Amino acid sequence: MIKKYTFLGYLLILLVYANQGYGQNKKEDKNQNGSSYSAIKTLVVNQKTDSLKIKTLESCLFQSKYRSDTLGMANAYFFLAELIPSTRLQYVDSLIQITKDKKYINFPAKAYLLQGNTQYELGNYKEALELYLLASEAAKKNGNEYLYRSIKFNIGLLKNNAGEREEARAIFLGHLNFLDQNPKFKTPSDYNRVLFALTDSYIYSDQFSLAKSYIDKGIHQTLKTNDISIYSHFVMYSGMYEYFSKNYKTAIDSLQRGKDIIKNFDEVKTRMAICDYYIARSYRALGNDENSISYFKNVDHILKETEDVIPELIDTYDYLIADSKSKNDLEKQIEYINTLLRLDSIRHTNQIYLTKNINERYDTAELIAEKEKLINGLQEETYLKGETIAVLILFLIMLVVLVVYFFYRNYANKKRFLNLLEEQKNKDQGQPEFTAISNTISKKEEIDIPEEVIEMVLKKLHGFEESVKFSKKHYTLNSLAKELQTNSAYLSKIINVHKNMNFANYLNTLRVDFAVGELTTDKALRSYTIKAIAEEVGFKNAQSFSSAFHKRTGIYPSYFIKQLNNG
């Protein structure tokens with residue numbers, strides 16, 4: 001009896017779909033308004049189980065093939081691809097094949113986007129970018145504004161992975177603003193994804209107060225919409241926030257809870273690796289090295305399996321190599337070193353590819369498209385008042401100036417980088433000897449300090465510089481004066497006159513020069529975060545290090561490292 005009514009139910013569904021689909025697809029073939037997409041979506045949503053949804057879609061696909069209804073087939077393939085991950089790529093391939101020469105508002109752009117998302121989740125970022133570029137071109141050509149912006153958001157995620165966090169954040173904020181201004185496009189899942197992306201961006205940019213506000217908003221929103229998969233990400237980020245706030249026990253609890261949810265609701269194992277990594281760091285901070293190494297090994301296992309290399313996880317191998325070294329386990333040391341070299345190579349290849357191709361093939365295309373749009377607007381709107389035209393022309397000039405500035409800045413930064421390498425090469429070829437004060441600086445008459453005292457202090461400063469103690473200890477003027485057996489007033493005057501800078505700039509200069517030398521010669525150091533490098537050379541935080549580095553060299557450390565790796 002149940003089977004009988006189920007069969008009758010399917011017949012009814014097919015009749016409704018046939019009547020809706022036939023009339024609507026004729027209309028769509030004329031103006032591509034996408035109403036059939038809504039009709040089939042309604043049919044699917046009304047089914048209570050996935051198995052019923054799949055049977056409904058297969059029936060719709062059969063009917064569409066029978067009527068040679070390409071758009072109906074495309075919609076059925078799309079929803080089947082979303083419902084059945086195991087055969088997703090086959091459905092998407094069929095979808096692309098039948099719509100690649102069509103101009104439907106949703107296809108083939110949505111097919112390329114779904115395929116790109118699948119590759120992104122697998123960590124295949126090169127393939128994902130290629131598919132996003134195809135999707136972007138198709139969405140733009142067919143006038144689907146929302147889809148076009150969604151694809152731009154996904155390209156922002158790739159920028160984030162390539163280390164271009166500020167540019168990615170601008171895209172995320174732009175997408176959030178678009179959703180807020182266009183409520184009809186503001187689906188819960190899309191909105192939650194934007195909150196998640198912004199949280200990630202702020203966490204890894206050390207802007208923890210902003211990250212915390214988005215974590216709280218994201219947890220509230222995902223619980224409200226029952227979006228368990230994205231909810232697990234916010235629990236994970238909550239644990240990361242507690243780690244960076246040095247609340248290590250709370251961090252472990254949150255990260256473990258996030259990991260347990262991710263296991264059940266998320267196919268991406270890399271997110272479990274992130275949880276394991278920060279649990280390991282938390283245990284290490286608590287002095288529990290045994291548990292710490294156990295979780296670092298979990299990270300190693302996932303990275304080997306997926307080869308989805310997140311830059312922040314690479315220093316896992318520093319800890320594992322050090323642990324195996326302390327245990328005299330040569331075999332493990334070699335294994336971890338080989339894995340580190342292989343994964344580091346993948347990371348650099350991905351980063352270089354994404355940065356180059358996004359900049360050249362997406363950003364430049366966007367800039368040209370914007371320029372063409374402005375030019376077309378000027379040609380079509382010749383009736384505008386002279387003042388309005390003048391404003392548009394001025395805007396175009398500003399756009400060109402920005403493009404010129406962009407290329408000039410790249411040229412100037414590259415030149416500064418090469419000069420910096422040349423200076424470092426010259427330094428490495430010979431250590432400067434200490435030169436007596438009487439042969440160097442004539443400003444000694446300007447300060448009322450005996451010449452022998454000045455020369456003694458300068459000799460000790462030379463020794464201090466050679467010892468690189470400045471990279472290991474946070475010096476004050478008083479503490480350094482005490483170490484050099486002089487007084488702070490004398491030391492301050494001598495540095496001001498004979499080093500031509502104040503004490504703070506003197507220390508920063510030493511540390512920046514030291515950082516340049518170390519980064520030039522130590523490839524492993526380049527894989528550290530900016531914050532970690534800052535601490536290695538004596539700075540308290542990443543911001544002060546970046547500011548001092550830029551003041552000294554004219555470029556930022558992230559740019560310097562990127563150019564070294566590209567070389």
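Here, residue 1 is the first one in the sequence, and each next residue gets the next number. Quick caveat: nothing in here was measured; it's all calculated off a predicted structure.
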A.B. asks: Considering residues, nucleotides and ligands other than Glu58, do more than 12 of their heavy atoms fall under 6.0 Å from its CD?
C.D. replies: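 Correct, the count exceeds 12.
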A.B. asks: Can you tell me if Thr99 uses its side chain to pair, donor with acceptor, with the backbone of Lys102 under 3.5 Å?
C.D. replies: no
A.B. asks: Let me confirm one number: the CD1-CG distance from Ile105 to Asn144, rounded to the nearest 0.5 Å.
C.D. replies: 4.5 Å
A.B. asks: Applying side chain to side chain donor-acceptor pair (under 3.5 Å) between Asn192 and each of Thr187, Thr222, Thr225, report the one that passes.
C.D. replies: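 Option passing the side chain to side chain donor-acceptor pair (under 3.5 Å) with Asn192: Thr225.
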A.B. asks: Is the count of non-hydrogen atoms from other residues, nucleotides or ligands lying under 6.0 Å from Lys304 atom NZ greater than 12?
C.D. replies: yes
A.B. asks: Using distance alone, with no hydrogens and no angle criterion, decide if Asn182 and Tyr146 have a side-chain donor and acceptor under 3.5 Å apart.
C.D. replies: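 On atom types as modelled, these side chains do not qualify, holding no pair under 3.5 Å.
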A.B. asks: For the atom pair CD1 (Ile84) and CD1 (Ile54), what is the distance rounded to the nearest 0.5 Å?
C.D. replies: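 Separation between the atoms: 4.0 Å.
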A.B. asks: Gln221: which residues meet the side chain to side chain donor-acceptor pair (under 3.5 Å) condition with it, sequence neighbours left out?
C.D. replies: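 Per chain and number, Gln221 pairs via side chain to side chain donor-acceptor pair (under 3.5 Å) with no residue.
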A.B. asks: Mind checking ring-ring contact (aromatic ring centres under 6.0 Å, His included) for Phe234 and listing every partner two or more places apart, or none if nothing turns up?
C.D. replies: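 Once residues adjacent in sequence are excluded, Phe234 has no partner under the ring-ring contact (aromatic ring centres under 6.0 Å, His included) criterion.
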A.B. asks: Is there a donor-acceptor pair closer than 3.5 Å between any side-chain N or O of Ser254 and the backbone N or O of Ala251?
C.D. replies: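 A pair under 3.5 Å: no.
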A.B. asks: Mark yes when over 12 heavy atoms from residues, nucleotides or ligands other than Gln256 sit less than 6.0 Å from its CD; otherwise mark no.
C.D. replies: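 Above 12, so yes.
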A.B. asks: Does the distance from a Lys or Arg side-chain N to an Asp or Glu carboxylate O, for Lys55 and Asp50, drop under 4.0 Å?
C.D. replies: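 Salt bridge between Lys55 and Asp50, a charged N being under 4.0 Å from a carboxylate O: no.
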A.B. asks: Would you indicate whether the side-chain heavy atoms of Phe79 and Lys53 approach each other to under 4.5 Å?
C.D. replies: no
A.B. asks: Using side-chain heavy atoms (C-beta onward) and a distance below 4.5 Å, is Lys259 in contact with Ser232?
C.D. replies: no
A.B. asks: Quick one: CG on Leu57 to CG on Leu52, what's the gap to the nearest 0.5 Å?
C.D. replies: 11.0 Å
A.B. asks: Does Asp300 use its side chain to pair, donor to acceptor, with the backbone of Phe296 at less than 3.5 Å?
C.D. replies: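 No, Asp300 side chain to Phe296 backbone: no donor-acceptor pair under 3.5 Å.
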A.B. asks: Within this structure, what is the CZ-CZ distance for the pair Phe185 and Arg149, rounded to the nearest 0.5 Å?
C.D. replies: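 Phe185 atom CZ to Arg149 atom CZ measures 9.5 Å (nearest 0.5 Å).
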A.B. asks: Treating Ser527 as the side-chain partner and Lys523 as the backbone partner, does any N or O pair qualify as donor plus acceptor under 3.5 Å?
C.D. replies: no
A.B. asks: Nearest 0.5 Å, what's the CG-CG distance between Leu255 and Asp276?
C.D. replies: 9.0 Å
A.B. asks: What closest approach, in Å, do Lys263 and Met272 show between heavy atoms, and which atom pair accounts for it?
C.D. replies: CG-SD, 3.3 Å
A.B. asks: Quick one: salt bridge (charged side-chain N to carboxylate O under 4.0 Å, His left out) pairs with a partner in residues 186-207, sequence neighbours left out?
C.D. replies: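 Checked against salt bridge (charged side-chain N to carboxylate O under 4.0 Å, His left out) - neighbours excluded - the pairs reaching residues 186-207 are Arg165-Asp200, Asp180-Lys186.
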A.B. asks: Just jot down the ring-ring contact (aromatic ring centres under 6.0 Å, His included) partners of Phe208, sequence neighbours excluded, or say none.
C.D. replies: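 Checked Phe208 against ring-ring contact (aromatic ring centres under 6.0 Å, His included); matches are Phe244.
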A.B. asks: Side chains of Met240 and Ile274: does their closest heavy-atom pair fall under 4.5 Å?
C.D. replies: yes
A.B. asks: Please enumerate all residues that pass side chain to side chain contact (heavy atoms under 4.5 Å, CB included) together with Asp93, with sequence neighbours excluded.
C.D. replies: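 Only Gln115 meet the side chain to side chain contact (heavy atoms under 4.5 Å, CB included) criterion with Asp93.
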A.B. asks: Give the minimum heavy-atom separation between Phe196 and Ile230, together with the two atoms involved.
C.D. replies: CB-CG2, 4.2 Å
A.B. asks: Answer yes if the ring centres of Tyr295 and Tyr277 are under 6.0 angstrom apart, and no otherwise.
C.D. replies: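 Not under 6.0 Å, so no.
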A.B. asks: Taking the side chain as every heavy atom from C-beta outward, state whether Tyr104 and Thr70 have any atom pair closer than 4.5 Å.
C.D. replies: yes
A.B. asks: Could you verify whether a donor N or O on one side chain and an acceptor N or O on the other, from Tyr132 and Asn117, lie under 3.5 Å apart?
C.D. replies: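 On atom types as modelled, these side chains qualify, holding a pair under 3.5 Å.
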A.B. asks: Taking all heavy atoms of Ile530 and all of Pro557, pick out the closest pair and write down the distance.
C.D. replies: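 In this case the closest contact between Ile530 and Pro557 is CD1-CB, 4.2 Å.
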A.B. asks: Can you name the nearest heavy-atom pair linking Ile171 to Phe153, along with the distance?
C.D. replies: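 That closest heavy-atom pairing would be CG2-CA, 3.9 Å.
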A.B. asks: Any side-chain to backbone donor/acceptor pair from Thr87 onto Gln90? Under 3.5 Å, distance only.
C.D. replies: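 No; zero donor-acceptor contacts below 3.5 Å.
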A.B. asks: Which residues pass the side chain to side chain contact (heavy atoms under 4.5 Å, CB included) test with Asn142, not counting sequence neighbours?
C.D. replies: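 Result, side chain to side chain contact (heavy atoms under 4.5 Å, CB included) vs Asn142: Lys103, Pro108.
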A.B. asks: Start with the C-alpha gap between Arg257 and Met236, add the side-chain angles, then the distance that decides, and say whether side chain to side chain contact (heavy atoms under 4.5 Å, CB included) holds.
C.D. replies: CA-CA 8 Å; Arg257 188 156 54 92; Met236 175 186 76; over 6 Å; no
A.B. asks: Strictly by salt bridge (charged side-chain N to carboxylate O under 4.0 Å, His left out), give each pair with a member in residues 213-233 just once, sequence neighbours left out.
C.D. replies: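 Only Lys212-Asp216 qualify under salt bridge (charged side-chain N to carboxylate O under 4.0 Å, His left out).
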A.B. asks: What are the two closest non-hydrogen atoms of Cys275 and Ile262, and how far apart are they?
C.D. replies: SG-CD1, 4.1 Å
A.B. asks: Kindly write out the residues that satisfy side chain to side chain donor-acceptor pair (under 3.5 Å) with Arg169, not counting sequence neighbours, or none if the list is empty.
C.D. replies: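 Only Ser201, Ser205 meet the side chain to side chain donor-acceptor pair (under 3.5 Å) criterion with Arg169.
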A.B. asks: Would you check if His301 and Thr306 make a side-chain contact, meaning some heavy-atom pair closer than 4.5 Å?
C.D. replies: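 Contact flag for His301/Thr306 side chains = no.
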A.B. asks: Side chains of Thr529 and Tyr204: closer than 4.5 Å at any heavy-atom pair?
C.D. replies: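 No; the side chains remain at least 4.5 Å from each other.
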A.B. asks: List the steps and the verdict of side chain to side chain contact (heavy atoms under 4.5 Å, CB included) for Leu131 and Leu113.
C.D. replies: CA-CA 7 Å; Leu131 290 161; Leu113 176 59; over 6 Å; no
A.B. asks: Applying side chain to side chain donor-acceptor pair (under 3.5 Å), name anything that partners Lys297, two or more places apart in sequence or on another chain.
C.D. replies: none
A.B. asks: Can you list everything that forms a ring-ring contact (aromatic ring centres under 6.0 Å, His included) with Tyr336? Sequence neighbours excluded, please.
C.D. replies: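 Expected list: none.
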A.B. asks: Is any side-chain heavy atom of Asn264 less than 4.5 Å from a side-chain heavy atom of Asp260?
C.D. replies: no
A.B. asks: For the pair His175 and Lys152, evaluate side chain to side chain contact (heavy atoms under 4.5 Å, CB included) and give the outcome as yes or no after the intermediate values.
C.D. replies: CA-CA 8 Å; His175 195 64; Lys152 185 174 183 177; over 6 Å; no
A.B. asks: Can you name the residues that form a side chain to side chain donor-acceptor pair (under 3.5 Å) with Tyr214, not counting sequence neighbours?
C.D. replies: none
A.B. asks: Please walk me through it: do Phe107 and Leu71 pass side chain to side chain contact (heavy atoms under 4.5 Å, CB included)?
C.D. replies: CA-CA 9 Å; Phe107 303 115; Leu71 187 56; 4.2 Å; yes
A.B. asks: Residues in ring-ring contact (aromatic ring centres under 6.0 Å, His included) with Tyr243, at least two apart?
C.D. replies: Tyr248, Tyr278
A.B. asks: Backbone N or O of Ala81 within a donor-acceptor pair of the Arg88 side chain at under 3.5 Å?
C.D. replies: yes
A.B. asks: Rounded to the nearest 0.5 Å, how far does OH of Tyr202 lie from CZ of Phe172?
C.D. replies: 10.5 Å
A.B. asks: Search all heavy atoms of Ala197 against all heavy atoms of Leu157 and return the closest pair with its distance.
C.D. replies: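 Ala197 and Leu157 have their closest heavy atoms at CB-CD2, 4.0 Å.
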A.B. asks: Side chains of Tyr77 and Glu82: donor-acceptor distance under 3.5 Å anywhere?
C.D. replies: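 No, no side-chain donor-acceptor pair sits under 3.5 Å.
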